Amino acid sequence: MTDDTTTPQPHYPPPSTDPADTGEITPRRRLESEIERLGLTVRSEFVPWSKSRSYVKGARVGDRNLNWKVTICKDGREILTTDYSAGIGHAPSYSDPRPEFGRIRGGGISLARAEALTFETEHGLKYRGNGFTGRTPIALDPIDVIWSVLMDAEAIDHPTFETWAADCGYDPDSRKGEAIYRICLEHALKLRAAVGDQALRDLRDAGRDY
């Protein structure tokens, strides 16, 4: 007889029938499976570097990053919208092996590669080179986006800003730190309201080792 009071358990992928598959459930597969089970998806809109929260006037090309405005949805319904950034290493031209880009040594970036990275971080499109701009959007990883929000959601475990600040290395007297805490807490509460307390715990547990 089924016990209806049993605590729901996270849903992980079924064993693979592929003989080449070792059967290992990787941290990514575990998190991805839980995200799919809960019907979570991510919509995104690219934000040019010059208009992003990361923008710093006069910054070096290597200090730029890729930015999006992302919306997490459950079953197509919006849960929350926030900013998301990925480092310059995620720009396609950063690791492009084309000879004209040269090699990155000691943090140095050739003029050709710098031009490509500037284009990509400003337009969110892959640079094609040879005087042509790109038309293929630079895709973000929705699993990374949700994992990032889950890390923010750990604020819900802290009874006060001061305990969160001590755990995360922020000055408890910092207004900026407190503003970040409140955003993280807001994300946690919105996620919990959308999926439920147990499902949020399962989701966080699935992403623990990601």
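These figures come from a predicted structure and were not determined experimentally. FYI, side chains are in, hydrogens and waters are out, and symmetry mates aren't considered; it's all heavy atoms of this structure.
- Under the 4.5 Å side-chain criterion, counting only non-hydrogen atoms from C-beta, Ile143 is not in contact with Val42.
- Checked for salt-bridge contact, Arg28 and Asp141 meet the test: a charged N lies under 4.0 Å from a carboxylate O.
- Asp83 and Lys69 are joined by a salt bridge, as a carboxylate oxygen and a charged side-chain nitrogen come within less than 4.0 angstrom of each other.
- Using a 4.5 Å heavy-atom threshold, the side chains of Asp63 and Val56 count as separate.
- Side chain to side chain, Asp144 and Tyr210 meet the donor-acceptor criterion of an N or O pair below 3.5 Å.
- Between Asp75 and Arg77 no salt bridge is recorded (no basic side-chain N to carboxylate O distance below 4.0 Å).
- In this structure, a donor-acceptor pair under 3.5 Å is absent between the side chains of Glu78 and Thr71.
- Grouped with Leu185 in one hydrophobic cluster are Ile156, Phe161, Trp164, Tyr170, Ile180, Tyr181, Leu189, the linkage being side-chain heavy-atom contacts under 4.5 Å among Ile, Leu, Val, Met, Phe, Trp and Tyr residues.
- With respect to the salt-bridge test (charged N to carboxylate O, under 4.0 angstrom), the residues Arg204 and Asp157 qualify.
- Note on Tyr94 and Tyr84: separate hydrophobic clusters, where clusters join Ile, Leu, Val, Met, Phe, Trp and Tyr whose side-chain heavy atoms are under 4.5 Å apart, directly or indirectly.
- When the shell of 6.0 Å around CZ of Arg175 is examined, it contains 12 or fewer heavy atoms from other residues, nucleotides or ligands.
- Ion pair Arg37/Glu34 flagged as a salt bridge, since at least one NZ, NE, NH1 or NH2 atom sits closer than 4.0 Å to an Asp/Glu carboxylate oxygen.
- Side chains of Glu120 and Leu125 form no contact here, defined as non-hydrogen atoms less than 4.5 Å apart.
- At a threshold of 4.0 Å, the pair Glu186-Arg182 does not count as salt-bridged, since none of the basic side-chain nitrogens sits closer than that to a carboxylate oxygen.
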